[in-house]
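Here's the structure, in structure tokens; my notes come after.
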2 protein chains.
Amino acid sequence: MRLTTKGRFAVTAMLDIALNEVTKPVTLAGISERQDISLSYLEQLFSRLRKQGLVSSVRGPGGGYRLAKPAAEISVSCIIAAVDELIDATQCGGTENCHDEGQCMTHDLWASLNVKILDYLSGVSLADLVDNQRKKEAGLPASAIQFSPRKTKISEICA
Amino acid sequence: MRLTTKGRFAVTAMLDIALNEVTKPVTLAGISERQDISLSYLEQLFSRLRKQGLVSSVRGPGGGYRLAKPAAEISVSCIIAAVDELIDATQCGGTENCHDEGQCMTHDLWASLNVKILDYLSGVSLADLVDNQRKKEAGLPASAIQFSPRKTKISEICA
DNA sequence: ATAATAACCTAGTATTTTAGTCAATTATTA
DNA sequence: TAATAATTGACTAAAATACTAGGTTATTAT
């Protein structure tokens, strides 16, 4: 399963576009500055995002990137899948040949975890993130995304 | 967030013990052979599992490892946390300083994803996995763990 | 006693992935 | 036509992952 800064950067960058594309296309140089992500790295990520049809590009002065679809129609899972290739918590990538010829004993576990993660990320759209961010900036509590303050230290995970 | 083969190996190895510890402690050499995991790698993993109090060890001939608690009291999240140190989908590891001085725009998203994953893995115990495996071997459908056959190809993730 | 067993420990290494740099080229527009 | 900004490809540093090697220590069966 792939949930790296690559995917995080991509989501952040897409959110930056969603927030700033009101008048003009958004340049990678702008995103780079605002979000503190290397320009060249962004170029690599956007090459994939464009190929997956998530953004459209305009070259030359005044150019940049726009969302190719309405923000409400772009899910987080979609963005991560575009840059990270495969969201998969199983060893085998769905081939079900994790151990010898058959499934490994924990295949079902990872497969169902996979579905859980995917379900969640599929349910969150860029529009949700925009909403959340706007509310945050206005000093309101975030609501679109259910935020839980629970910590994740080992001591708290194990009873 | 860390969901690597390390954690998968650890869960598989723990499950192997749960299935085989009926009479004697289970040796790493046995696990290595049955699960096709390098012995030395297992030793490293079990060093951590032991330090976290998940297994107890017996040295010498006839020795090996046993679960330190009933299988029903050992959750998958606990095992993964023991070997992978930290389950965390956020960039900052919970410090909330992901971007400059404040939270990055997607902090809430990763934080809540984190909770989702953790909730799920906390709810699955080794006993559940044993059940599932026994049913599988008996040719019955798995029930303890809800298995979904849904695929996770990019084309299916994005509408 | 002692030889076999199996945990335990430390250090190192190969491979892969991540995250990034560098240097160009191409299209567009002011 | 000069500046802009996407586009491309090749290359690199650092980290993490997944191991290997070689020992030591404790225990037990003989």
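As the structure is a prediction and not an experimental result, all values here were calculated from the model. Lettering of chains follows the sequences in order, A, B, ..., and the numbering in each one begins at 1. Computed from heavy atoms alone, side chains included, the values below leave out hydrogens, waters and symmetry copies.
Within the 4.0 angstrom heavy-atom criterion, only backbone atoms of the sugar-phosphate kind lie near B:Thr27; the bases stay farther away.
Judged by closest nucleotide on DNA chain C, A:Leu39 is the one of A:Val58 and A:Leu39 placed further toward the 5' end.
Put simply, OH on A:Tyr41 is 21 Å from P on C:dA23, counting in whole angstrom units. Across the protein-nucleic acid pair, B:Lys6 atom NZ and D:dC19 atom C1' stand 11 Å apart, rounded to whole Å. Regarding A:Leu45, its CG atom lies at a distance of 17 Å from the P atom of C:dT17, rounded to whole Å. Distance A:Leu42 CG to C:dG20 P: 9 Å, rounded to the nearest Å. Per the geometry, CZ belonging to B:Phe46 stands 13 Å off C1' belonging to C:dC8, to the nearest Å. Atom-to-atom, CZ of A:Arg48 to P of D:dA6 comes out at 18 Å; the value is rounded to the nearest Å. Per the geometry, CD belonging to B:Glu43 stands 15 Å off C1' belonging to C:dG12, to the nearest Å. Following rounding to the nearest Å, A:Arg50 (CZ) and D:dA5 (C1') show an atom-to-atom distance of 13 Å.
A:Ser40 has no side-chain polar atom (N or O) that falls below the 4.0 Å cut-off from OP1 or OP2 of C:dC22.
If you check D:dT8, C:dC22, C:dT26 against the side chain of A:Ser47, the one that comes closest is D:dT8. In this structure, the nucleotide among C:dC9, D:dA6, C:dG20 sitting nearest to the side chain of A:Ser38 is C:dG20. Nearest nucleotide to the side chain of A:Pro61, out of C:dA4, C:dT26, D:dT4: D:dT4. Taking only side-chain atoms of A:Gln44, from C-beta outward, the nucleotide of C:dC22, D:dC19, C:dG20 with the closest atom is C:dG20.
Checking B:Ile31, B:Val26, B:Thr27 one by one against B:Asn20, the side chain to side chain contact (heavy atoms under 4.5 Å, CB included) holds for a single residue, B:Val26. Put simply, the residue from A:Ile79, A:Leu129, A:Asn132, A:Val76 that forms a side chain to side chain contact (heavy atoms under 4.5 Å, CB included) with A:Leu15 is A:Leu129.
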inquiry  = Between B:Lys116 and A:Asp119, is the side-chain contact (heavy atoms from CB on, under 4.5 Å) condition met? List the steps.
reply    = CA-CA 10 Å; B:Lys116 289 265 190 290; A:Asp119 274 352; over 6 Å; no
task = Take A:Cys78 and A:Leu54 through the side-chain contact (heavy atoms from CB on, under 4.5 Å) test and state the conclusion after the steps.
result = CA-CA 8 Å; A:Cys78 199; A:Leu54 297 179; 3.6 Å; yes
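For A:Tyr120 and A:Ser77, the side-chain atoms include no donor-acceptor pair closer than 3.5 Å.
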